[in-house]
Amino acid sequence: MSAAAPIGGCETARPQVRSERGQRAVFCGLTGIVWLHRKIQDAFFLVVGSRTCAHLIQSAAGVMIFAEPRFATAIMEERDLAGMADMHDELDRVVAQVLERRPDAKTLFLVGSCPSEVIKLDLAKAASRLSAKLTPDVRVLSYSGSGIETTFTEGEDACLSALAREAPREAPGAEPQLVIVGALPDIVEDQFARLFAELGISPVRFLPGRRSTELPALGPNTRYLLAQPFLGGTAATLDALGCSGVVGPFPFGADGTTAWLTAAAKAFGVPATKVREVTALKENRARVAISRHRARLAGKRVMFFPDSQLEPSLARFLSTELGAELIEVGSPYIHGRWLAPELDLLPAGTELVEGADVDRQLDRCRAARPDLTVCGLGIANPLEAEGLATKWSIELLFTPTHGYEQAGDLAELFARPLARREALEV
Ligand code: SF4
């Protein structure tokens with residue numbers, strides 16, 4: 001955990017983070033392709049991996065695989081692994097096939113996997129060679145989504161980092177701009193764009209946007225605001241380009257969204273009265289939507305297994321806006337710099353665990369018998385069979401959850417398993 005800069009609250013009250021290492025039950029970073037390809041509409045994701053990787057993507061994408069998706073796996077065969085085929089020639093052949101089939105692709109991501117990394121296939125080199133060949137029609141980038149290097153949402157972090165490195169540089173003396181970082185559903189992007197316009201902050205750009213060809217120019221006049229807590233690598237890339245980050249709680253729930261917007265407003269010198277003017281009504285509406293689920297969640301004991309790095313932010317939402325009690329909040333990584341404001345808002349004494357030892361956590365879960373356990377698909381059904389209500393954490397990535405207008409839906413995602421349980425018990 002990196003040094004955390006306290007933003008508000010009292011540092012001594014901030015819950016301590018305990019580390020745990022052991023068996024993990026999480027997705028690898030390839031899973032990010034499922035939501036990234038929907039967001040970046042002119043990109044194609046080519047995983048260079050094994051049949052296992054292809055199976056993972058197919059299972060995670062579910063029915064989407066029948067909709068001519070913009071992702072595929074170049075499966076490494078035995079002759080590739082045995083060194084009988086030139087991997088770079090093979091890759092060129094597959095890339096040519098992909099582009100013939102999807103001529104609309106403007107950016108092609110070569111996504112590294114465990115097998116490609118173990119045999120040390122240099123995808124960065126392949127990407128720059130292919131880019132030089134295909135420019136200006138197609139840009140080829142690479143990043144790693146392997147289980148060795150990345151956990152679940154870190155795949156998005158690696159992808160956005162690659163995109164940020166590719167962005168043009170700001171012209172000297174460029175006007176200050178705000179860049180929102182994180183793949184947001186289009187509907188949420190539009191809502192945020194309207195809110196920032198009302199606050200008088202402009203221009204506001206999104207990374208990634210809907211078109212990979214429209215990257216914002218980056219440099220010292222760029223302030224960036226993370227929309228997701230798992231983008232520490234992208235933030236480091238942006239810092240290296242001279243941009244500076246705005247730190248605040250993440251936009252989950254009514255309070256979270258206001259705090260996030262307030263952090264940006266402060267950085268752009270927007271007065272607090274203006275922020276109130278723009279946010280008050282919307283925040284209230286969100287509060288009403290959330291309150292519909294409060295009775296079901298208030299006082300309920302909730303435990304988070306480490307999965308997406310969203311855990312501390314969602315735990316804060318459940319605790320401060322829905323009155324839930326947090327038994328344990330596990331997260332694969334806790335980026336201290338970005339999560340400090342969230343940790344400050346968690347109740348003192350919250351059990352925060354970074355990393356994973358799934359067997360020990362399952363023991364703790366069985367002993368505590370929480371009212372709701374937020375966990376991955378592999379753990380959820382076995383726990384349900386033991387009589388524990390669970391929420392599949394992957395849904396929290398696939399469903400629009402950010403901002404005022406989604407705050408009620410976010411609360412409902414947690415309330416639904418409890419409602420279902422009540423209905424089945426009747
Ligand atoms: S990248 Fe690694 S962890 Fe992910 S599916 Fe492929 S082999 Fe499995």
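Note: hydrogens, waters and symmetry copies are ignored here, and every other heavy atom, side chains too, is used.
With values rounded to the nearest 0.5 angstrom, E170 atom CD is found 4.5 Å from N221 atom CG. For the atom pair CG of L46 and OG of S142, the computed distance is 11.5 Å after rounding to the nearest 0.5 Å. Between the CG atom in L108 and the CG atom in D137 there is a gap of 13.0 Å [rounded to 0.5 Å]. We find the CD-NE2 distance between E412 and H293 to be 4.5 Å, quoted to the nearest 0.5 Å. For the atom pair CG of L352 and OG of S19, the computed distance is 10.5 Å after rounding to the nearest 0.5 Å. One finds the OG atom of S212 at 12.0 Å from the CG atom of L36 (value rounded to the nearest 0.5 Å).
Taking 4.0 Å as the cut-off between side-chain N and carboxylate O, R194 and E198 do not count as a salt-bridged pair. The pair R129-D92 meets the salt-bridge criterion, with a side-chain N (NZ, NE, NH1 or NH2) lying under 4.0 Å from an Asp/Glu carboxylate O. Salt bridge R364/E20: present, at least one basic N to carboxylate O contact under 4.0 Å. The pair E189-K39 meets the salt-bridge criterion, since a charged nitrogen lies less than 4.0 angstrom from a carboxylate oxygen. Between D42 and R102, none of the side-chain N atoms (NZ, or NE/NH1/NH2) sits under 4.0 Å from a carboxylate O, so this pair counts as no salt bridge. Salt bridge annotation for R210-D186: present, with a cationic side-chain nitrogen under 4.0 angstrom from a carboxylate oxygen.
R24 and T151 share a side-chain donor-acceptor pair at under 3.5 Å. Side-chain polar atoms of T150 and Y143 form no donor-acceptor pair below 3.5 angstrom. A donor-acceptor contact under 3.5 angstrom links the side chains of Q177 and T222, judged on distance only. No side-chain donor-acceptor contact under 3.5 Å links Q228 and Q309.
For residues 114-125, the set of pairs meeting the salt bridge (Lys or Arg N to Asp or Glu O under 4.0 Å) definition, not counting sequence neighbours, is empty.
Using the six-membered ring where Trp is involved, F27 and F152 have ring planes that are tilted, between 30° and 60° apart. The aromatic rings of Y224 and W338 are tilted relative to each other, their planes meeting at an angle between 30° and 60°. Between F45 and F109, the ring planes lie parallel to each other; the angle is under 30°, not in the 30° to 60° tilted range. Using cut-offs of 30° and 60° for the angle between ring planes, the F192 and H402 rings count as perpendicular.
Listed here is the closest heavy atom pair of E342 and S313: OE2-OG, 3.0 Å.
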